[in-house]
Structure formats: C-alpha cells, structure tokens
Amino acid sequence: MDWNLIRGFHATALAGSLSAAARQLGLTQPTLSRQVLALEADLGVTLFERRGRKLVLTQTGMELLDHIRIMGDAADTLVLAASGRAQEIGGRVCISATDTFAAYILPEIVARIRSEAPQITIAIVASNEISDLHRGEADIAIRHVRPDRPGLVGRHICDSAASFFASEDWVARNGLPKGPADLAGAGLMGFDDPRFASFLREIGIPIATRDFRIVSESAAVIWEMVKRGMGVAVMMREVAARTPGVVNLLPDMAPIPVPIWLVTHQALESSPRVRLVQTIVAEELAGM
C-alpha cells in the first residue's frame with residue numbers, strides 16, 4: 001500500500017476538503033484528488049461522499065480513519081524519536097481511566113512514556129466517572145464508550161473482554177459454578193446500581209440489586225475483595241491476567257465485550273506533548 005495515498009486520505013479526512021488538505025501537504029488539489037481516488041480504487045470502497053465542495057466520510061472511511069490515525073501518530077513518533085526531539089518535549093499530560101485500569105494496566109504504559117519522554121509529567125485520574133474533557137478534567141481519557149459530545153475526538157483502539165473471577169481459595173471452598181445462573185447465589189459483588197443488576201440478568205444471572213452483599217463505587221476495591229477470597233466479581237481479562245491466584249469461573253461462557261476508546265478534545269490535538277502521549281498509549285493499548 002502506497003503511504004502517499006494513505007497520507008493523502010488522512011489529511012483530507014481531517015481537513016474536510018481537498019483544497020485545505022492540499023495546502024497542508026504542499027500538493028495541488030488535482031494531485032491530491034487523484035491520490036484519494038487511487039486509494040478508493042485499490043481498496044474497492046468509497047471513502048468519501050462528495051457534497052458540493054465538502055467531503056463527508058462514509059462509514060467505511062470513518063473505520064479506516066481510526067486505523068490510519070494510529071499509523072500517522074506512529075510515524076510522527078518515529079520522526080520525533082529519530083531526531084531526538086521526544087526527549088525535549090515537556091509539560092503536563094493528564095490521563096483518566098477507571099480505577100482498575102489505572103492500577104493494573106497504565107503502569108506499564110506510563111513506564112514507556114517516562115522512558116521516551118522524561119520531561120513530560122503524567123497525572124493520572126483514576127475514577128469510574130467519565131472525566132469532563134471540555135472542563136479540562138483530563139487531557140486524554142481511556143473509556144469503554146464512544147464519545148458523544150461535540151468537540152471530542154475518539155478512536156476505537158481495540159476490544160477487550162471481561163469474565164467472572166474468584167480466588168483459588170474461594171473455588172476450593174465453593175467449587176465451580178455449572179453455568180451463569182449459579183452465580184446468583186455465589187456471593188457476587190459489584191456496584192450499588194440497578195443498571196448493573198439489570199445487565200447481569202440480561203446475560204442469564206437472575207439477581208437483583210438487593211442480592212449483593214458487598215458493593216462499592218470502586219471496582220479496585222471489589223477486586224481486592226476477590227483476591228482475598230470474599231466473593232465473585234466481573235473483571236477485564238487483562239487485569240485478571242496480572243493478578244496471581246484468580247480463576248475464570250466460567251471459561252466456556254461468551255466473554256463480555258469491553259470496547260477501548262481513546263478520547264481527547266480536538267483543541268489539544270495540535271499539542272506535541274498530548275500527541276506524543278496519545279500515540280504511545282494507543283500503541284500499547286492496541287497490543288494488549
């Protein structure tokens with residue numbers, strides 16, 4: 001695949017018009033138009049709908065852009081690394097994520113950021129509430145839902161999965177459940193939220209909010225209870241893999257999908273430090 005064609009599509013998608021993208025790339029508009037058409041021909045898909053002078057991404061175009069953004073950011077990072085400028089970028093970047101994600105998955109990512117860009121200060125907001133990026137509560141958010149507010153730029157990085165886990169000690173005392181319905185009486189722990197119980201009922205666990213005997217707003221607290229053999233909880237498999245002594249109670253049950261989105265405010269996309277951190281986070285998450 002010709003990188004020039006991909007670069008042309010990427011610039012056009014972000015600029016919203018061939019003329020603006022051509023100016024950014026130092027190309028003529030006809031040349032850029034030919035590149036976009038050539039990429040569509042190579043892939044056998046339509047990437048843009050032409051509405052007057054504006055270009056609007058098709059659904060296929062939007063999906064392709066998510067992947068190409070990562071490639072573009074990786075290329076930018078490569079240039080920075082090759083020139084040694086990554087070491088020179090400084091400032092503060094705030095990342096928000098759920099408490100378990102922050103505690104179990106972010107440390108490895110932050111270690112790479114510290115190694116490649118030691119002048120950047122990383123602030124971590126560990127909360128299960130969605131940070132308000134419009135109010136500056138974070139610069140980059142790792143979320144499990146698509147952003148739905150204007151001004152936010154989100155990338156679907158990958159899909160994780162969650163299952164039900166308990167400690168080896170708990171299994172030794174209680175045995176393994178035969179199916180999802182058995183979990184209703186297995187000491188499930190979770191959130192004091194009717195939506196959580198409703199979700200569990202949808203996947204075959206007949207339980208109500210009042211049936212939980214241990215609840216918390218913090219998934220990290222619940223996970224600590226699991227490690228101590230106090231009950232059963234749902235958790236991302238990547239977190240469980242980093243936790244010795246826990247058992248997937250229903251390995252044959254279809255996992256619960258957990259989408260991973262990387263979100264920032266469009267006003268921060270031009271910030272070198274935010275772009276660098278965002279690129280590293282995206283690369284690490286994609287390889288989870």
Side-chain angles (χ1 to χ4, degrees), residues 96-106 124-132 141-149 154 156-263 285 288:
S96 72
T98 63
D99 54 359
T100 49
F101 205 102
Y104 287 89
I105 297 176
L106 269 186
I124 297 172
V125 176
S127 173
N128 295 320
E129 297 293 327
I130 293 179
S131 296
D132 190 337
I142 300 170
R143 296 181 178 175
H144 303 308
V145 294
R146 179 194 295 270
D148 59 0
R149 294 183 62 186
H156 178 218
I157 302 298
C158 62
D159 286 306
S160 180
S163 298
F164 292 90
F165 293 91
S167 70
E168 294 173 348
D169 177 63
W170 186 95
V171 172
R173 288 184 281 110
N174 297 278
L176 290 171
K178 296 179 181 178
D182 292 345
L183 292 176
L188 265 174
M189 303 180 291
F191 305 105
D192 193 12
D193 186 334
R195 292 174 297 179
F196 182 63
S198 176
F199 168 75
L200 295 181
R201 290 194 295 272
E202 290 175 4
I203 61 174
I205 303 171
I207 196 167
T209 304
R210 64 178 179 276
D211 297 323
F212 293 104
R213 293 294 175 261
I214 299 178
V215 295
S216 175
E217 294 181 352
S218 168
V221 168
I222 293 295
W223 192 237
E224 187 63 30
M225 305 287 184
V226 168
K227 290 161 59 179
R228 294 169 182 259
M230 297 172 63
V232 177
V234 63
M235 182 52 65
M236 284 177 55
R237 291 185 172 182
E238 287 82 3
V239 173
R242 291 165 169 79
T243 308
V246 297
V247 178
N248 184 348
L249 297 181
L250 295 169
D252 296 329
M253 179 181 176
I256 300 166
V258 182
I260 306 295
W261 286 80
L262 196 59
V263 185
L285 292 180
M288 277 199 315

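Nothing fancy with the numbering, it's 1 onward along the sequence.
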List, one per line, each side-chain donor-acceptor pair under 3.5 Å for residues 239-250, sequence neighbours excluded.
from	atom 1	to	atom 2	distance (Å)
Arg242	NE	Tyr104	O	3.3
Arg242	NE	Glu108	OE2	3.3
Arg242	NH1	Glu238	O	2.9
Arg242	NH2	Glu108	OE1	3.2
Thr243	OG1	Trp223	NE1	3.0
Thr243	OG1	Val239	O	2.8
Asn248	OD1	Leu250	N	3.2

Could you tell me which residues satisfy side chain to side chain contact (heavy atoms under 4.5 Å, CB included) with [X], sequence neighbours excluded, listed by chain and number?
X: Ala184; answer: Ile205, Pro206
X: Asp132; answer: His134, Arg135, Glu137, Arg149
X: Phe212; answer: Leu188, Phe196, Ala197, Leu200, Ile207, Val215
X: Val125; answer: Cys94, Ser96, Ser127, Ser131

Can you list the residues that meet the salt bridge (charged side-chain N to carboxylate O under 4.0 Å, His left out) rule with [X], with sequence neighbours excluded?
X: Glu224; answer: Lys227, Arg228
X: Asp169; answer: Arg173
X: Arg213; answer: none

#### Entry: side chain to side chain donor-acceptor pair (under 3.5 Å) involving Arg143 - partner list, sequence neighbours excluded
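Partners of Arg143 under the side chain to side chain donor-acceptor pair (under 3.5 Å) test: none.
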### Residue list, side chain to side chain donor-acceptor pair (under 3.5 Å) with Ser218, at least two apart or on another chain
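Applying side chain to side chain donor-acceptor pair (under 3.5 Å) to Ser218 gives Asp99.
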### Check: Met253 and Pro180 side chains under 4.5 Å, non-hydrogen atoms
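Yes, their side chains come closer than 4.5 Å.
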Check residues 254-262 and write down every donor-acceptor pair under 3.5 Å in which the side-chain atom is one partner and the other belongs to a residue at least two apart or another chain.
none

### Task
Just do the side chain to side chain contact (heavy atoms under 4.5 Å, CB included) check on Ile142 and Leu106 with the steps written out, would you?
CA-CA 10 Å; Ile142 300 170; Leu106 269 186; 3.9 Å; yes
### Task
Hey, could you give me each pair passing ring-ring contact (aromatic ring centres under 6.0 Å, His included) that has a residue in residues 229-259? Not counting sequence neighbours.
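Residue pairs passing ring-ring contact (aromatic ring centres under 6.0 Å, His included), neighbours aside: none found.
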### Query
Can you name the closest pair of heavy atoms from Pro177 and Asp182 and give their distance?
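Smallest interatomic distance, heavy atoms only, reads CB-CB, 3.7 Å.
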